[in-house]
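See structure below.
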Amino acid sequence: QLQLVESGGGLVQPGGSLRLSCAASGHILDNYAIGWFRQAPGKEREGVSCISSTGGRTNYAEDVKGRFTISRDNAKNTVYLQMNSLKVEDTAVYYCAAGLNVQATCLIIGLLFENWGQGTQVTVSS
């Protein structure tokens with residue numbers, strides 16, 4: 001089975017940057033769309049970004065557009081989320097997830113993704 005491990009989270013000041021990584025093992029990612037999700041304390045999980053299996057389609061939640069960039073390197077079996085201009089409200093546990101049958105629109109809906117990582121904490125604090 002495909003396994004995903006997130007890394008790169010930590011503590012950063014507002015306006016700073018972090019790059020999250022999602023490393024896969026057990027299977028190659030070539031045929032999977034990858035989504036990033038986050039969940040803050042007291043809030044429901046929300047979709048952040050999605051990248052299609054080929055990388056040709058990307059989607060972002062409105063509140064991260066222009067600040068976050070999703071990318072993938074299938075040769076390294078890894079997906080990245082570059083986060084710039086971080087805000088306090090970005091504080092959350094971030095999860096990556098893989099979906100084999102995600103539609104080409106790459107909608108950031110959790111039910112469309114069947115494999116999930118364990119999450120990595122991102123804390124933005126002044």
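Keep in mind it's a predicted model, so treat the numbers as computed, not measured.
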For [X] and [Y], work out which heavy atoms get closest and say how close.
X    : Y    : value
S125 : P14  : O-CD, 3.3 Å
A97  : F37  : CB-CE1, 4.0 Å
Q39  : Y95  : CB-CE1, 4.5 Å
V102 : A33  : CB-CB, 3.7 Å
F113 : W116 : O-NE1, 3.0 Å

Do any pairs count as a salt bridge (charged side-chain N to carboxylate O under 4.0 Å, His left out) and have a residue in residues 110-126, sequence neighbours left out, and if so which ones?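 Applying salt bridge (charged side-chain N to carboxylate O under 4.0 Å, His left out) to every pair that reaches into residues 110-126, excluding sequence neighbours, yields nothing.
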Strictly by salt bridge (charged side-chain N to carboxylate O under 4.0 Å, His left out), give each pair with a member in residues 71-87 just once, sequence neighbours left out.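 Pairs touching residues 71-87 that pass the test: none.
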Has E44 got more than 12 heavy atoms of other residues, nucleotides or ligands less than 6.0 Å from its CD? no
Determine whether more than 12 heavy atoms belonging to other residues, nucleotides or ligands lie under 6.0 Å from atom CD of Q82. yes
Say you draw a straight line from OG of S52 to CD of Q103; how long is it, rounded to the nearest 0.5 Å? 12.5 Å
Value rounded to 0.5 Å, distance of CG in L107 from CZ in R57: 8.5 Å
Partner residues of D63 under the salt bridge (Lys or Arg N to Asp or Glu O under 4.0 Å) criterion, sequence neighbours left out: R38
Taking disulfide (SG to SG under 2.5 Å) as the cut-off, I'd like each qualifying pair that reaches into residues 94-126, sequence neighbours left out, listed once.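 Found C22-C96, C50-C106.
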Quick one: name the residues clustered hydrophobically with L11, using the 4.5 Å side-chain heavy-atom rule over I, L, V, M, F, W, Y, and just say none if it's on its own.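 For L11, no cluster forms, as it stays isolated from other hydrophobic side chains.
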Output the rest of the hydrophobic cluster of V124: all Ile, Leu, Val, Met, Phe, Trp and Tyr residues reachable through side-chain heavy-atom contacts under 4.5 Å, sorted by chain and number. L2, L4, V12, L18, L20, L29, Y32, I34, W36, V48, I51, Y60, V64, F68, I70, V79, L81, M83, L86, Y94, L100, V122
Taking side chain to side chain contact (heavy atoms under 4.5 Å, CB included) as the test, write out the residues that go with Q121, two or more places apart. T91, V93, T123
What pairs meet the side chain to side chain donor-acceptor pair (under 3.5 Å) rule with one or both residues in residues 10-28, with sequence neighbours excluded?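 Sorted pair list: S17-N84.
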Selection residues 39-59 - residue pairs positive for ring-ring contact (aromatic ring centres under 6.0 Å, His included), sequence neighbours left out: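 For residues 39-59: none.
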